[in-house]
Amino acid sequence: MAKRDTPMLDELLKGPYPSFVKELYKVQERKPMVQDLLGQLEDSYEERIGHWKHGGIVGVMGYGGGVIGRYSDLQEKYPAVAHFHTMRINQPAAWFYTSDALRTLADIWEKHGSGLTNMHGSTGDIVLLGCKTDDLEPCFADLTAAGFDLGGSGSCMRTPSCCLGKARCEWACYDTMKLCYEFTQEFQDELHRPAFPYKFKFKFSGCPNDCVASIARADMSLIGTWKDEIQVDQAAVADYAKGGMDIVSDVVMNCPSKCIKYNGNGIEIDDHECVHCMHCINAMPKALAPGKERGATILLGSKAPIMEGALLSSVLVPFIDLNDEDEIEDLKELIGNIWDFWDEHGRNRERVGELIQRVGMATFLDGIGLDPEPEMVSAPRDNPYIFFQDEEEEEDDE
Amino acid sequence: MAKRDTPMLDELLKGPYPSFVKELYKVQERKPMVQDLLGQLEDSYEERIGHWKHGGIVGVMGYGGGVIGRYSDLQEKYPAVAHFHTMRINQPAAWFYTSDALRTLADIWEKHGSGLTNMHGSTGDIVLLGCKTDDLEPCFADLTAAGFDLGGSGSCMRTPSCCLGKARCEWACYDTMKLCYEFTQEFQDELHRPAFPYKFKFKFSGCPNDCVASIARADMSLIGTWKDEIQVDQAAVADYAKGGMDIVSDVVMNCPSKCIKYNGNGIEIDDHECVHCMHCINAMPKALAPGKERGATILLGSKAPIMEGALLSSVLVPFIDLNDEDEIEDLKELIGNIWDFWDEHGRNRERVGELIQRVGMATFLDGIGLDPEPEMVSAPRDNPYIFFQDEEEEEDDE
Amino acid sequence: MSEAPAKRITDIGPPHYEKFLPPMVKENYGKWKFHEIVKPGVMFHQGETGDKLFTVRAASPRLIAVDTFRLFADLADKYCDGYLRFTSRNNVEFLLTEEANIDPLIADLDKEGFPVGSIGAPVSNIVHTQGWVHCHSAATDASGIVKAVMDDLMPYFQGKELPAKTRVALACCLNMCGAVHCSDIAILGIHTKPPATNHDNLAKQCEIPTTVSSCPTGAIRTADVDGKKSVEIQDDLCMYCANCYTVCPALPLNNPETDGVSIWVGGKVSNARSEPKFSKLAIPFLPNNPPRWPEVVEAVRNIIDVYAAGARKYERIGEWIERIGWPKFFKLTGIEFTRYHIDDFKHAGWTYKRSTHLKF
Amino acid sequence: MSEAPAKRITDIGPPHYEKFLPPMVKENYGKWKFHEIVKPGVMFHQGETGDKLFTVRAASPRLIAVDTFRLFADLADKYCDGYLRFTSRNNVEFLLTEEANIDPLIADLDKEGFPVGSIGAPVSNIVHTQGWVHCHSAATDASGIVKAVMDDLMPYFQGKELPAKTRVALACCLNMCGAVHCSDIAILGIHTKPPATNHDNLAKQCEIPTTVSSCPTGAIRTADVDGKKSVEIQDDLCMYCANCYTVCPALPLNNPETDGVSIWVGGKVSNARSEPKFSKLAIPFLPNNPPRWPEVVEAVRNIIDVYAAGARKYERIGEWIERIGWPKFFKLTGIEFTRYHIDDFKHAGWTYKRSTHLKF
Ligand code: SRM
Ligand code: SRM
Ligand code: SRM
Ligand code: SRM
Ligand code: SF4
Ligand code: SF4
Ligand code: SF4
Ligand code: SF4
Ligand code: SF4
Ligand code: SF4
Ligand code: SF4
Ligand code: SF4
């Protein structure tokens, strides 16, 4: 039993949705940490205020991140949560597991921590919730022995994540899982040893539906797309119509670039006008599919609002064939250039997106060695405040 | 003849469009000023640089504006344009004249100035181009004797202007000319004696077509609109169709809120969804007309780019019945409040639109005593940086 | 940090995903032809070969105990050769090759309190954050509100119709770890008063220049208080962003009376139809009212009800509002439009209505 | 200022407009039913009573001599009882009640070099400013370019078809007196180098603090030069806006080599169909090449030709570009997209492409 009654939390045992309080109850009898967590949380509910504080840096040897230090400000009342750190464990790509893998993780976390987890954290990690400082290193040893490693925290490359892509989705325009895994391995050092001005996140989505929200939540968003014609199976279109679908109002009218015609017989798409929004394909998955010349658009810079307001990623490379090893190498080089420029010019706690806003996209492009393209902007400037370069500078750019 | 050859300017005598050089030639024989103007301008054409400078303040007694002082920087070469000031004369509403009025102006300007004018300046004034300092006062005396007065310049209310509205347009939703005249008279003091932080322009357009570009060029834009149903003459609609108009592609497809249906027989408008853009009415002037409950939307703040970038006016009062004297009085009071707030909080050379950007629309609304309305924004804020007021402040606002 | 073991393994990265893929997935990798939603919570993907992979998706509170790992593992062994995954919205998915196993699996999941849904349904799990369970800067709890709201939205999780996907997210402070800034409905914990200042500890706990420069509005300046080096906050410049608190624990913002929840609407992430959009402010402040935050539950439900009644098929909340216009959104939902809705941050001017395109 | 006369009349405002309205206008004031365009340059408005008022609109260079006042007055007397007006784009309009007078009036106007057009035609007069004729801060001339461009666009002024109204405007410096910021095609004089500094005169001619604070980018700071109080301009921060020159004549910007013309496209003012829009940068720099600025004439014509070939009926240039996308605009016109096109001013972030909605 918890040290104190938890009448407010117990209210949250009710109702059809799975209850996190029930999860706490599952372990509390064998975990004093969780008893104290329940107690402190009930206090929070009563008082309507949190009781955590951050404090000294904690972690495992040789790593600069992966652990979030957390301490109770009610240590005397709830000593078992005096330390209550989280460990971020790098998830397998697209969060696939076997039952064995899950049981292994359960065993390790039963042994070293609170037995509570987040499956998963918002960045994608397996979050092991509640560990004492002394348990961090042994827990880490058991995890690595089992083939798991820490994820990111602090000013480093953060744990990349991806949609399941080709593993179970017919729309994946490149191999998200492979690339996510490859990048994670390639940049292990950047992940574990914070050396950037601030965090840097990668998210890989196989198509413009963007099922890992990369355009809103990743410093670099790699979103699959295609260049050629949408693949159309007219017989299947006819089946949809027969099945009662109102193709005009459901599909034609919703096309943002008004480039679909439907004449009752077949569907006709003006692919040069298509903006690759996915809607028609989403609506008729059996009849339509992305084209065959597939790749991705690379976008840069999204983040949460602190401190200059939230950003969405914006187009950096309109189209890249991520199914081609050479182009992937080029991309890695570009990433290197971006990190170099950011290292040199970024302020402390300045994300890449904010850096671009501050120095200007054109200067940033010069710095990373990319040519400006009209696809990078929704419209050219509307103000006349152009900084003209000297002719020498211009030549330098070439 | 001009003092020097003007081969470059003479090139501009050619071609079908009326030539300003020809206008200069019309007077140059009797006006040494214009001979020197031609000379100096030819120099500018050769050297690709202007030769004017501004200098000491000039004007007429008791007025703080209406004259733009201008001096040649080639005074020795072109002494006749050593002084070459312009006088801004307040135009009659919507630029209507009789032949007599034009001749009167011509006589006065022949007598006192260069004989050159702009009909009209971009703000709307009659611009008398090229006057010596000593001629300003006598010219002013003759003008006022003939019923004309100066317009604005400097940090004052500038000469208001308006579209011709009810005088010749079936779409005028309020009497632009009457209101423009009334406001000009009411605010004579604000027009002639600069006492504002910067300039303030009024422009009156009778409908959303905005034929005086008020939304882009006036600190206060008064744009006619209507509240009830668009008036439809179905017989005339049928005539358009018979006449060969493709009503679906010309009208229905161009309606920004997609609220028009056309069934081959008649046209049907969902007026609650209509955003009063005018397109359908523009396209079928004989069949459609604005509704009968007419008035205007008041917008605030547009200006050219210096220095924080150009602004368009934005909605301040979504709808006001400018055909109702009481509401006009309320509006004048509101304008007084705006000027008061601007006087108190505006920086030197800060237009009202920039002031709003700086202090925030909500603070501005508090200051002028208007309640916030959702029509004032295209969307609510997307950043979480809300300045919450104390409860007392909130009560103050009520 | 404790002693490291003799032979430390480091920098191995995550396990390779191939180890965890079901054989049918490996065979059909990159060769799926189409998918079909069988019923809420269940879909199958068909490969070029004709193979069918069934997915059953169940709700999860995200905060789960290791006991639940074992439960999921057992169910996966029982019904699908031990293969399962989690989704980007923290649901759990079982990957079946035998159609016959679907219903028994669902029955077991139901029994254990993990109802099936989300696939093909308009509402999925609420992406959320730590709240009072683990974060120091939370202005509200996360898991508690999520539980209360999801209890109420359960019919939509289980397939009751809405015009389109309706993504709800929660973040317990402006850091927005849940990245709620692009959600159909976002629940955001906010502070509404400037931080307190512990002048006694400040110089010890914090680096003063870093603290001063952390403030986006320049509200913080150095000050000597009773002879101690400290900082002073100009209340009228503070917008309670907690950026200072993140770098300086001696500036606590948490306050039981004035912390609470704001509601944001109309964001989206996907590129489907319209471009991605930020969420916009709907309700500036609702009180923290644990354990079930009835005001928040009611506010979310109200928005969804009005949306359900008015939107066209495929229209996300933001798309619907853009069609009808924000004034109508406020009218239909009965939400009050206040001074707080009008942007006054950096790009405020862009949000003003710069046309006469109004509906009356 | 000179001595004032004994009895000075002041503050009388403009003459009352009623004095200048034709009788038919007074009778039909507010009672017009519809209008019809008879041919380019000619329309009639019909009142509820059946009255018909014919308008004949002629081109004007705006800069006109009093001789032309007399000419217009004579024509007005001859054909329409002395009633005429000017338009908001500086054309002149004759207001006729007799249909029979239309063609003779047109013939006289043609003879005098004021061709009829604009009404019902896509291109009207170019709204413009002073240029080298009268302004000190002009980076280019106004009237000369206008004449050259209009000579070239004359067919469109006289009725040759384009998809929609195409408003061209010109301003000779960033002050944009012609308010070119919302025009279909805008021709804008620009400087491309920081001002020179006359250290000798500066302190005499200018107030130094005002000068320093006039700079939007903070490029100006006080400096002592050879013992004289003056200012120093940091070249890399200067964007040549001339704001400092406006308050301080000792900072001249005009420069024959580096002053020139930029071209902007896609703005509009009317609320018809789409909301008003700002013009966007098309061509950052073209040289000043008097007397006929062939590069400018060619650039404007090229844009119009491509627009004419590609736009749908009723589509203004900005509406057309938004439909086809800016990348295509650059491709079709052959205009080079450069680093200068990418906004780097205050709200630059809003102009970045924040979606994957791209055409290939
Ligand atoms: C655990 C997690 C929330 C969760 O419950 O899932 C989390 C938790 C914290 N985030 Fe976060 N962030 C988490 C994902 C995110 C995301 C979402 C994402 O990655 O997709 C974002 C928004 C996207 C972005 O990166 O902008 C996010 C934006 C922030 C920010 C604001 C950063 C900014 O530039 O605006 C901060 C503030 C900071 O860095 O100081 C922050 C800071 C924090 C800190 C470290 C605050 C602190 O100093 O204690 C939180 C630790 C809480 C704790 O008790 O463990 N967290 N954080 C997520 C990481 C789990 C994982 O590794 O999988
Ligand atoms: C004469 C005129 C241009 C023309 O050829 O038509 C004009 C001419 C000047 N304008 Fe203007 N502006 C004229 C209409 C405008 C307009 C258009 C309008 O009013 O619709 C604008 C844009 C709208 C606006 O108000 O923002 C305009 C925006 C400016 C600005 C920028 C103001 C700003 O806040 O961004 C300046 C700079 C300043 O005020 O210092 C300016 C300054 C000037 C000065 C006074 C510059 C100077 O210090 O010498 C110019 C005097 C030139 C001269 O030689 O007479 N002028 N000016 C227009 C006035 C004639 C009239 O009274 O009818
Ligand atoms: C499993 C998952 C990816 C993963 O690797 O984990 C996934 C899987 C699928 N998504 Fe997704 N999406 C998943 C998160 C997302 C997200 C991210 C998010 O919600 O944070 C988005 C962006 C949401 C947004 O815009 O805010 C997303 C936007 C879509 C869309 C576009 C919907 C729209 O109209 O805007 C589609 C297409 C559709 O639904 O027709 C889609 C379609 C699909 C399909 C049908 C793709 C396919 O052919 O297999 C998958 C099943 C759909 C379903 O759940 O009904 N998926 N999908 C994620 C399941 C999350 C969950 O548990 O609910
Ligand atoms: C005479 C004038 C008003 C005045 O008081 O002087 C005027 C008069 C008329 N305008 Fe205008 N407009 C006049 C300047 C404008 C302006 C301002 C400008 O160009 O600087 C605009 C805004 C332009 C813009 O958006 O950039 C303007 C946008 C319109 C529109 C909307 C066009 C559109 O589709 O965007 C219409 C409707 C139409 O053309 O169908 C319109 C329609 C009309 C009508 C048909 C109204 C009527 O029923 O009488 C008038 C004759 C049109 C014609 O010229 O073909 N008028 N009109 C102005 C003539 C200027 C000139 O000499 O060319
Ligand atoms: S982002 Fe596209 S490819 Fe990836 S899971 Fe979603 S729909 Fe499939
Ligand atoms: S993908 Fe989108 S833009 Fe392209 S045709 Fe389909 S609906 Fe239209
Ligand atoms: S603004 Fe409207 S009312 Fe005024 S002239 Fe133009 S079309 Fe007519
Ligand atoms: S005025 Fe505009 S919005 Fe209204 S019905 Fe006509 S076209 Fe549609
Ligand atoms: S949103 Fe704020 S309070 Fe919640 S986990 Fe993230 S940093 Fe902590
Ligand atoms: S909460 Fe934010 S705005 Fe307030 S003082 Fe701290 S950093 Fe500045
Ligand atoms: S645009 Fe500039 S140069 Fe031209 S008249 Fe106006 S202030 Fe003078
Ligand atoms: S021209 Fe403009 S940017 Fe350059 S120094 Fe002068 S005021 Fe500053």
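Naming: A, B, ... by sequence-line order, numbering from 1 per chain.
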Is it the backbone or the side chain of S313(A) that comes under 4.5 Å from a heavy atom of chain D, or both, or neither? backbone
Chain A contacts, top residue of P284(D), C241(D), A186(D), P216(D) (heavy-atom pairs, under 4.5 Å): P284(D)
With chain D, the option among D228(A), V377(A), L299(A), L365(A) that has the most non-hydrogen atom pairs under 4.5 Å is V377(A)
What option among Y240(D), F278(D), F330(D) has the most heavy-atom pairs under 4.5 Å with chain A? Y240(D)
For Q231(A), does the CD atom have more than 12 heavy-atom neighbours from other residues, nucleotides or ligands under 6.0 Å away? yes
Is the closest side-chain donor-acceptor distance between E295(D) and N289(D) under 3.5 Å? yes
Quick one: which of I321(D), L188(D), D236(D), T351(D) has the most heavy-atom pairs under 4.5 Å with chain A, could you say? T351(D)
Side chain from CB out, backbone as N, CA, C, O: work out which of these in L281(D) comes under 4.5 Å of a heavy atom of chain A, or both, or neither. both
Applying a criterion of heavy atom separation less than 4.5 Å, what residues of residues 355-364 of chain A form contacts with chain D? I356(A), Q357(A), G360(A), M361(A), A362(A), T363(A)
For chain A, the option from K280(D), K328(D), R323(D) that forms the most heavy-atom pairs under 4.5 Å: K280(D)
Please classify the contact between C274(A) and chain D as side chain, backbone, both or neither, with a heavy-atom cut-off of under 4.5 Å. backbone
Does a sphere of radius 6.0 Å around CZ in R301(D) hold more than 12 heavy atoms from other residues, nucleotides or ligands, not counting ones at 6.0 Å or beyond? yes
Are a donor atom and an acceptor atom from the side chains of T166(D) and D184(D) found within less than 3.5 Å of each other? no
Would you say D343(D) and N383(A) are linked by a side-chain donor-acceptor pair, where the criterion is simply a distance under 3.5 Å? yes
Between D235(D), T258(D), T356(D), which residue shows the highest count of heavy-atom pairs closer than 4.5 Å to chain A? T356(D)
Could you tell me whether Q234(D) atom CD has more than 12 heavy atoms of other residues or ligands within 6.0 Å of it? yes
Are the ring centres of F387(A) and Y385(A) closer than 6.0 Å? no
If we define contacts as heavy-atom pairs under 4.5 Å, which of H272(A), E273(A), M278(A), K258(A) has the most with chain D? E273(A)
Among S257(A), G353(A), S314(A), single out the residue with the greatest number of heavy-atom pairs under 4.5 Å to chain D. S314(A)
Side chain / backbone / both / neither for H181(D) at chain A, heavy atoms under 4.5 Å: neither
Closest-packed option against chain D by number of heavy-atom pairs under 4.5 Å, given P374(A), P256(A), P208(A): P374(A)
Check whether the side chains of W171(A) and N209(A) place a donor and an acceptor atom closer than 3.5 Å, and report yes or no. no
Measure the SG-CZ distance between C238(D) and F388(A) for me, rounded to the nearest 0.5 Å. 11.5 Å
Let me see the working for K303(A) and D219(A) under salt bridge (Lys or Arg N to Asp or Glu O under 4.0 Å), right down to the final yes or no. CA-CA 7 Å; K303(A) 59 172 302 293; D219(A) 299 273; over 6 Å; no
Answer yes if the side chains of Y198(A) and R349(A) hold a donor-acceptor pair under 3.5 Å, and no otherwise. yes
Please confirm whether F183(A) and F204(A) have ring centers closer than 6.0 angstrom. yes
